Amino acid sequence: MKLRFARRVVPLVAAVAALAAVPTASATQSSPAKPPGTHLNFAVGPQYDTTHVYVSPGTEQAFVTSWTATFGGTTIGPVSTQVTPTPSRTLSELIVSPVGTLSVFDYTTPVPYPFGTERTGWLVTDLDQAVRAARADGAAVTVAPFADPIGRDAVVQFPGGVNAQLYVHTTAPSYPAPASVPENRIYLSPDSVRAFLDSYLAFTRGRVVSDDRRADGAAIGLPGTTYRLIRLTSGFGATTVAVTDGHLPHPFGLETTGYGVPDLGATLDRARAAGATVLSGPVRADGRESAMVRFPGGYVAEIHADR
């Protein structure tokens with residue numbers, strides 16, 4: 001199905017959506033993850049859970065043009081703004097596409113630490129309560145709540161070094177639901193996966209969809225091997241966890257998000273025509289056909305079609 005490319009530019013009110021060897025077959029057998037937390041469900045909807053894309057300086061428009069030519073969608077921005085608690089400046093643009101929402105940052109100053117390490121921005125119903133709940137559920141608050149031009153933000157880190165930005169807007173945003181919900185793709189070691197699952201599932205009030213301890217390693221660039229593949233779901237969308245020994249070929253592990261499409265071949269053709277590079281694949285494994293693609297500006301994405 002061909003997606004229509006549409007583009008609109010909107011002023012500062014929407015500057016940014018969110019500010020802000022062989023792999024092991026499995027970890028040793030472990031007890032089930034603890035049940036979801038007893039606090040509120042803070043999720044609003046997957047269309048408000050944005051992938052944070054930090055592009056090489058000066059490449060924001062090239063990235064946005066390539067992405068929307070590949071997937072379709074609308075844009076909000078760009079606008080020059082400050083989205084960190086300490087002085088900085090970035091061009092910020094929001095992409096609302098059929099495969100997910102992206103917050104794009106093209107910094108014109110050095111990026112203050114630890115920004116750039118967060119993989120997603122999650123809209124929450126109450127920021128202060130969400131921060132307290134994340135801490136109670138075993139996450140670290142690495143950036144305390146702060147104000148940005150259109151709301152408030154904080155950054156939390158789940159065990160295993162998985163960073164997420166939590167945010168609220170002063171005026172509630174309204175974006176259409178995506179045609180396919182993107183996957184938050186996380187690579188963990190056997191040493192960290194249990195603590196991650198306990199904390200992440202408690203905070204997101206999520207559940208395990210599947211846990212395959214002998215998944216096909218071809219999906220992560222290692223045909224003929226196996227690894228542990230865990231799929232999760234929650235109000236914050238889908239999450240895929242690859243548990244490996246870290247012996248990963250490039251570019252696996254660099255992607256933060258996977259995007260589902262109805263026709264992978266046609267999507268890759270559009271991506272190439274729009275200046276993207278197919279780094280790996282396509283390959284069939286784990287019930288899907290997938291490829292790794294680098295877009296202008298350096299952003300690496302997994303793209304897949306379920307089979």
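What you are looking at is a predicted structure, and each value in this text was computed from that prediction instead of being measured. The figures here come from the full heavy-atom set of this structure, side chains too, leaving out hydrogens, waters and symmetry mates. We count residues from 1, following the sequence as given.
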Legend entry - Contact check, side chains of Phe115 and His52, non-hydrogen atoms, under 4.5 Å: no
Inset, instruction - Would you mind reporting whether Val283 and Ser290 have side-chain heavy atoms less than 4.5 Å apart? - result: yes
Inset, instruction - State, with a plain yes or no, whether a side-chain heavy atom of Arg205 is found less than 4.5 Å away from one of Ser234. - result: no
Legend entry - Worked verdict on Asp106 versus Val104 for side-chain contact (heavy atoms from CB on, under 4.5 Å): CA-CA 7 Å; Asp106 183 342; Val104 184; 5.7 Å; no
Legend entry - Closest non-hydrogen atom pair between Val99 and Pro178, with its separation: C-CB, 4.4 Å
Legend entry - Side chain proximity check, Arg207 to Leu201, heavy atoms < 4.5 angstrom: no
Inset, instruction - Rounded to the nearest 0.5 Å, what's the gap from CZ on Arg288 to NE2 on His304? Could you check? - result: 3.5 Å
Inset, instruction - Evaluate side-chain contact (heavy atoms from CB on, under 4.5 Å) for Phe146 paired with Thr86, printing each intermediate quantity in order. - result: CA-CA 10 Å; Phe146 66 95; Thr86 55; over 6 Å; no
Inset, instruction - For Ser280 and Met292, indicate whether the former's side chain and the latter's backbone hold a donor-acceptor pair under 3.5 Å. - result: no
Legend entry - Distance, nearest 0.5 Å, that separates CD of Gln165 from OG1 of Thr117: 9.5 Å
Inset, instruction - Enter the distance from Asp49:CG to Arg119:CZ here, rounded to the nearest 0.5 Å. - result: 13.0 Å
Inset, instruction - State, yes or no, whether a side-chain contact exists between Ile150 and Thr170 at a heavy-atom distance under 4.5 Å. - result: no
Legend entry - Matching residue for Phe42 among Leu166, Val168, Thr125, Thr204 - test: side chain to side chain contact (heavy atoms under 4.5 Å, CB included): Thr125
Legend entry - Leu94 side, atom CG; Leu102 side, atom CG - distance, nearest 0.5 Å: 8.0 Å
Legend entry - Ring geometry between Phe71 and Tyr259 (parallel below 30°, tilted from 30 to 60°, perpendicular above 60°): tilted
Legend entry - Distance-only donor-acceptor check, side chains Thr142 and Gln157, under 3.5 Å: no
Inset, instruction - Measure the CZ-OG1 distance between Arg228 and Thr244 for me, rounded to the nearest 0.5 Å. - result: 12.5 Å
Inset, instruction - Find out whether Asp128 and Arg152 are in side-chain contact, i.e. whether some heavy atom of one side chain is under 4.5 Å from a heavy atom of the other. - result: yes
Legend entry - Heavy-atom donor-acceptor pair, Thr68 side chain to Val64 backbone, under 3.5 Å: yes
Legend entry - Over 12 non-hydrogen atoms of neighbours within 6.0 angstrom of CZ in Arg185: yes
Legend entry - Point-to-point distance, once rounded to the nearest 0.5 Å, from CG of Asp263 to CG of Leu268: 9.0 Å
Inset, instruction - Kindly indicate whether the side chain of Glu118, heavy atoms from C-beta on, has any atom under 4.5 Å from the side chain of Thr120. - result: no
Inset, instruction - Start with the C-alpha distance between Asp137 and Phe158, add both sets of side-chain angles, then the distance that settles side-chain contact (heavy atoms from CB on, under 4.5 Å), and finish with yes or no. - result: CA-CA 9 Å; Asp137 290 331; Phe158 296 98; over 6 Å; no
Inset, instruction - Please determine, by modelled atom types, if Thr239 and Tyr200 share a side-chain donor-acceptor pair under 3.5 angstrom. - result: yes
Legend entry - pair Thr101-Tyr48: side-chain heavy atoms closer than 4.5 Å: no
